[in-house]
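The structure appears below as structure tokens.
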Amino acid sequence: MSDEGVCEALRHYVQRQTGASQVSVRAFSTLSGGAIQNNYALALECAGGEYPGLLDLVVRSDAVSQVDASLSREQEFCVLQCAWQAGVTVPEPLWLCTDLSVIGVPFCVMRRVEGTASGRQLVRGMLSDEQARVLTRQLAHELARLHTVRPPNERLTFLPVPVTAPALQRVSDYRTALDRIAEPHPVIEWALNWLEDNAPARGELVLCHGDFRTGNYMVDNGRLSGVLDWEFASWSDPMEDIGWLCTKSWRFGRTDREVGGVGHKDDLFPAYTHASGREVSARQVLYWEAMGLTRWAVIALQQAQRHISGEESSLELALTGRMVPEMEYDLLRHIGAIEDSDNVQS
């Protein structure tokens, strides 16, 4: 379906959902990013109905092909609703549509939030030092709110509850994914062995975002305005979300700021502990950073395969695959630093 066809179909859909007597399109565009999902910005003017006036929306639908671990739009919408109800700063979830006759794929609709999610803008002078500290503490508070959601949860029964330590489950998942890629990657195999040998024991399980990082949250005037992209949510160790946020891959060149290129762990950890009542293990966060580097390397290989296989011809996907050697180098250095620190302490 053409963009014009999608726009018109969505206009009619929103009119039906809101009961408006008339709906006109002010603006429609494809949002940047979204290598795994397609995102559209849709600004409408509604006459009457449930939301009269200007209605600024984001419509999120499936991309041409998928990463195996990604949730369906219906599942992601349920997670977003749970996060909204837990008080996490997320775009308000409005509607889920699984009727393929509308635009050809399932989609969900949420309010659009103001701000930017550009990692490069956020880490390169957009924030003052004080704004960066405030934002880092906000990120901690958002995770603390999210991590109040625990299994069992009747709305999230589609999320499997790990029967073993979440770290061991991740190792198994990434090994399986790596085995599907024909070319050898010995550094990643070695990292998976190390992660298996050093996995933390199974402890508390909470709802984890799964992709909580700079680039997946919106910032408006120095403050967080919305956490985005929930397609990798799962029940897991709360330290996994913190480790992913601190992984070097998401610092956008600002390696001196461990928290997403924006802030420092000295601000993040105490704020999270204060908000959640849960102590942060710095050593476990370093472990989950190693897991994050491994995970991102595997995802990058999967993205490259989407391009190479012909499923989805994309320069972005192809270039993502070319980043794997850098990730492998970061893995070797990061795990080496952990082992050096362990040897000094012992």
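One-based numbering along the sequence shown.
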Taking atom [atom1] of [X] as the centre, does the number of heavy atoms from other residues, nucleotides or ligands within less than 6.0 Å exceed 12?
| X | atom1 | value |
| --- | --- | --- |
| E114 | CD | no |
| D179 | CG | yes |
| R150 | CZ | yes |
| H274 | NE2 | no |
| E279 | CD | no |
| E45 | CD | yes |
| F158 | CZ | yes |
| E339 | CD | yes |

*Spell out, as yes or no, whether a donor-acceptor pair under 3.5 Å connects the side chain of T247 to the backbone of G243.*
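Looks like yes, one N/O pair under 3.5 Å.
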
*Does P200 offer a backbone N or O that forms a donor-acceptor pair with the side chain of R202 under 3.5 Å?*
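No, the answer is negative, given that no donor and acceptor are paired below the 3.5 Å cut-off.
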
Do [X] and [Y] sit within salt-bridge range, that is, some charged N less than 4.0 Å from a carboxylate O?
| X | Y | answer |
| --- | --- | --- |
| R254 | D256 | yes |
| D56 | R26 | no |
| D266 | R133 | no |
| D342 | R283 | yes |

_Aromatic plane relationship, Y51 with W95 - under 30° parallel, 30 to 60° tilted, over 60° perpendicular_ =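 The rings of W95 and Y51 stand perpendicular, inter-plane angle above 60°.
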
*Taking the six-membered ring of F28, is the NZ or CZ of R11 close enough (under 6.0 Å from the centre) and on axis enough (within 45°)?*
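Negative - R11 is either too far from the ring of F28 or too far off its axis.
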
_Atom pair NE2/OG of H209 and S236 - distance to nearest 0.5 Å_ =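 These two atoms lie 13.5 Å from each other.
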
*Interatomic spacing from CG in L80 to CH2 in W230 - rounded to 0.5 Å*: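 Here the rounded value is 7.0 Å.
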
*Determine, step by step, whether L135 and L224 satisfy the side-chain contact (heavy atoms from CB on, under 4.5 Å) criterion, reporting the C-alpha distance in whole Å, the side-chain angles of both residues, the deciding distance to 0.1 Å, and the verdict.*
CA-CA 6 Å; L135 178 59; L224 186 143; 3.8 Å; yes

*asked:* Tell me if the aromatic rings of F107 and Y40 count as close, with their centers under 6.0 Å from one another.
replied: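 F107 vs Y40: aromatic centres not under 6.0 Å.
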
